[in-house]
Amino acid sequence: MLDPKQIRTEITVVAEQLKRRGFVLDVIALEQLEAERKKLQVRTQELQSRRNARSKAIGKAKAAGEDIAPLMAEVGKLGEELADAEKELVLLQSKLDEIQWGIPNLLNEDVPDGQDESANVEVSKWGTPRQFDFKPKDHVELTEKSNRLSFDQGVKLTGSRFVVMQGAVARLHRALIQFMLDLHTQEHGYREVYVPYLVNRDSLFGTGQLPKFGEDLFALKGENEYFLIPTAEVPVTNLVRDEIIDAKALPLKYVAHTPCFRAEAGSYGKDTRGMIRQHQFEKVELVQIVKPDDAWRAHEELTRHAEIVLEKLELPYRKIVLCAGDTGFSSAKTYDLEVWLPGQQCYREISSCSCFTDFQARRLKARWRNPESNKPELVYTLNGSGLAVGRTLVAVLENYQQADGSVNVPEVLRGYMGGVSKIV
RNA sequence: GGAGAGAUGGCCGAGCGGCUGAAGGCGCUCCCCUGCUAAGGGAGUAAACGGUUUGUCCCGUUUCGAGGGUUCGAAUCCCUCUCUCUCCGCCA
């Protein structure tokens with residue numbers, strides 16, 4: 001969430017900035033609620049103060065052996081008045097909270113204007129799409145005969161948008177995960193973490209999935225209110241919830257491999273073919289917790305770490321910066337990496353790297369102790385896919401396919417494949 | 001699943017109706033002392049929110065796992081929940 005103080009004191013500036021996203025802030029309603037809040041809070045606190053003073057006086061009088069009856073009578077009415085004021089204040093505050101929790105993050109000034117993905121801006125391009133001397137198949141066709149990628153079996157076991165992998169493809173998928181984890185831990189300085197795949201409401205609130213985007217989540221039935229994680233961002237970033245981190249410990253750099261579960265209500269009809277959009281997929285996620293001053297440098301660095309995965313796999317990609325209207329709710333700036341898919345003859349998103357400034361940290365109460373002020377201040381959080389494994393698998397299959405339907409194994413993965421250089 | 005114990009500040013840990021926002025210790029900051037190091041002496045050190053000022057000064061409120069209750073007054077008493085630990089059972 002945004003700083004409530006900022007919303008209060010610079011409401012027109014905030015509203016103006018949010019307009020870039022196409023978000024309309026109801027300034028008048030907010031100002032009115034705020035004025036009421038102020039009045040009520042001051043009144044409530046005044047009543048509390050008087051109640052406290054009276055109660056203290058009763059204590060003293062009692063200790064001195066004086067008659068406390070008159071004091072007791074005086075404080076009686078005060079209590080009722082106070083209870084009413086408190087109730088009203090709580091109600092009002094919850095209204096304000098609801099509005100504030102629904103306001104997206106302010107955008108970094110580098111973010112280009114635009115309403116939707118058509119306005120995203122390409123930043124760079126790496127590699128050149130391979131020229132095939134045959135018509136390249138997409139990953140579905142490629143694996144059809146061998147049944148190494150079976151959407152029918154996924155449907156049988158669960159339903160649409162689930163997949164079963166077998167044999168060499170399943171192994172390639174696992175190899176990708178190992179390769180990514182090793183790269184990030186050994187060369188990029190991340191700490192590997194293993195985290196729960198089920199999280200509670202507080203965690204989802206902390207990273208911003210709740211209360212606004214609950215329909216994208218799978219929730220468990222049962223005694224406890226648990227949700228399947230839509231990304232490792234949720235459990236990993238929540239590691240710092242309610243913590244005050246020593247300045248010397250920053251930056252924290254975590255990498256985690258987890259499955260991700262997304263209901264994505266409303267996405268039906270889009271990407272129905274193949275494993276581009278599944279309810280369950282694997283991802284290797286990078287998370288950084290940094291000092292505010294380091295955030296933008298860290299954002300470039302983290303994005304670079306994701307790019308390197310693609311480069312080592314020799315997969316052509318481009319890097320784009322999302323425009324104002326396409327940038328996610330919690331993010332201040334997002335780069336997407338898009339990999340070339342010969343089967344679709346286009347670039348498709350394979351990584352999304354975002355800087356959330358203090359937006360998540362404020363919800364998380366994630367702070368660090370700034371040695372300059374010696375006071376706790378909010379950290380900045382970042383994350384990015386490094387990479388989405390399912391889509392990387394698709395990219396490898398399609399880019400490394402041969403005319404005979406076999407697939408070469410990328411050089412860097414062969415060690416993870418027991419030396420196998422080709423999947424027949 | 002059964003039985004018991006517990007949850008207090010950055011950390012450890014006392015308190016068990018008013019004088020406690022909270023003893024003591026550790027850590028941290030500043031100062032003094034000692035030729036480095038080690039040791040020692042002194043002072044300070046919770047957060048959130050609001051008012052006020054925009055001066056990091058002052059005033060107030062809230063917070064001792066969470067929520068409710070008793071009371072003029074709750075860290076302290078009662079109820080519910082969550083979590084942690086110990087023992088037993090079961091289990092990868």
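The structure displayed is predicted, hence computed values, not measured ones. All chains are named by letter (A, B, ...) in the order of the sequence lines, taking the proteins before the strands, and each is independently numbered beginning at 1.
Place A:Lys60 and A:Ala53 on RNA chain B by their nearest nucleotides, and A:Lys60 ends up nearer the 5' end. Across the interface with RNA chain B, nearest-nucleotide mapping of A:Ser55 and A:Tyr226 shows A:Ser55 to be the residue nearer the 5′ end.
B:G1: Watson-Crick or G-U partner is B:C88, with both key distances under 3.5 Å. Base-pair partner of B:C49: B:G60 (Watson-Crick or G-U wobble, both distances under 3.5 Å). Using Watson-Crick or G-U wobble geometry with both donor-acceptor distances under 3.5 Å, B:C77 finds its partner in B:G69. Of the nucleotides present, B:C32 is the one that pairs with B:G40 by Watson-Crick or G-U wobble criteria, both distances under 3.5 Å. Nucleotide B:A14: unpaired (no Watson-Crick or G-U wobble partner with both distances less than 3.5 Å). Under the Watson-Crick or G-U wobble criterion, with both distances below 3.5 Å, B:C83 is paired with B:G6. Remark: B:C19 base-pairs with no nucleotide; criterion is Watson-Crick or G-U wobble with both hydrogen-bond distances under 3.5 Å.
The side chain of A:Arg8 has B:G50 as its nearest neighbour among B:G50, B:C72, B:A48. Minimum atom distance to the side chain of A:Arg369 is reached by B:G10, of the listed B:G73, B:U52, B:G10. When distances are taken from the side chain of A:Val42 to each of B:G10, B:G50, B:G18, the shortest belongs to B:G50.
Residues A:Lys95 and A:Glu36 are not paired through a salt bridge, judged by the lack of any N-O separation under 4.0 Å between the basic side chain and the carboxylate. Salt-bridge formation is detected for the pair A:Asp138/A:Arg273: a Lys NZ or Arg NE/NH1/NH2 atom is positioned less than 4.0 Å from an Asp or Glu carboxylate oxygen. With salt bridges taken as basic N to acidic carboxylate O contacts below 4.0 Å, none links A:Asp336 and A:Lys319. Remark: A:Asp110 engages A:Lys333 in a salt bridge, criterion side-chain N to carboxylate O under 4.0 Å.
Atom-to-atom, CG of A:Leu378 to C1' of B:A47 comes out at 13 Å; the value is rounded to the nearest Å. What separates CD of A:Glu36 from P of B:G50 is a distance of 17 Å, to the nearest Å. Note: CD (A:Glu225) to C1' (B:C81) measures 14 Å, nearest angstrom. Atom CZ of A:Arg362 is separated from atom C1' of B:A48 by 13 Å (rounded to the nearest Å). One can place CD1 of A:Ile244 at 8 Å from P of B:A48, the figure rounded to the nearest angstrom. Atoms CG (A:Leu78) and P (B:C72) sit 13 Å apart, rounded to a whole Å. One atom, CD of A:Glu10, and another, C1' of B:U54, lie 13 Å apart when rounded to the nearest Å. Taking atom CD on A:Gln100 and atom P on B:C49, their separation rounds to 11 Å, with Å as the unit.
A gap of 34 Å separates the C1' atoms of B:C81 and B:C26, to the nearest Å. Taking atom C1' in both B:C19 and B:G1, the straight-line distance is 49 Å, to the nearest Å. Atom P of B:U8 sits at a distance of 16 Å from the matching atom of B:G67, rounded to the whole Å. B:C78 sits 23 Å from B:A3 when the C1' atoms are compared, rounded to a whole Å. Using atom P as the reference point in both B:A14 and B:G9, the two lie 13 Å apart (nearest Å). The gap from the C1' atom of B:G21 to that of B:U63 amounts to 9 Å, rounded to the nearest Å. B:A48 and B:U84 have their C1' atoms separated by 26 Å, given to the nearest Å. Atom C1' of B:C30 sits at a distance of 23 Å from the matching atom of B:G35, rounded to the whole Å.
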Between the protein and nucleotides 56-60 of chain B, which nitrogen or oxygen pairs come in under 3.5 angstrom?
unit_1: B:G60; atom_1: O3'; unit_2: A:Ser49; atom_2: OG; d: 3.4
unit_1: B:G60; atom_1: N2; unit_2: A:Gln45; atom_2: OE1; d: 3.3
unit_1: B:G60; atom_1: N2; unit_2: A:Gln45; atom_2: NE2; d: 3.3

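Among the atoms of the strands shown, base atoms are found under 4.0 Å from some heavy atom of A:Ile58. Within the 4.0 angstrom heavy-atom criterion, no nucleotide atom of any strand lies near A:Lys39. Contacts of A:Pro371 with the nucleic acid, taken as non-hydrogen atoms under 4.0 Å apart, are absent.
Put simply, CE on A:Met180 and CG on A:Leu413 are 8.0 Å apart, with the number rounded to the nearest 0.5 Å.
You'll find the side chain of A:Leu393 reaches within 4.5 Å of the side chain of A:Val169, heavy atoms only.
Between the side chains of A:Glu311 and A:Tyr317, at least one donor-acceptor pair of N or O atoms lies under 3.5 Å. With 3.5 Å as the limit, one finds no donor-acceptor pair spanning the side chains of A:Ser330 and A:Gln360. A:Ser49 and A:Asn52 form no side-chain donor-acceptor contact under 3.5 Å, judged by distance and modelled atom types alone.
Aromatic rings of A:His299 and A:Tyr335 (six-membered ring for Trp) have centroids within the 6.0 Å cut-off, being under it.
At B:A48, none of the side-chain N or O atoms of A:Lys365 fall inside 4.0 Å of OP1 or OP2 (strictly under the cut-off). Between A:Arg43 and the phosphate of B:G51, there is no side-chain N or O to OP1/OP2 separation shorter than 4.0 Å.
For A:Lys62 against B:G18, a side-chain-to-base donor-acceptor contact under 3.5 Å is present.
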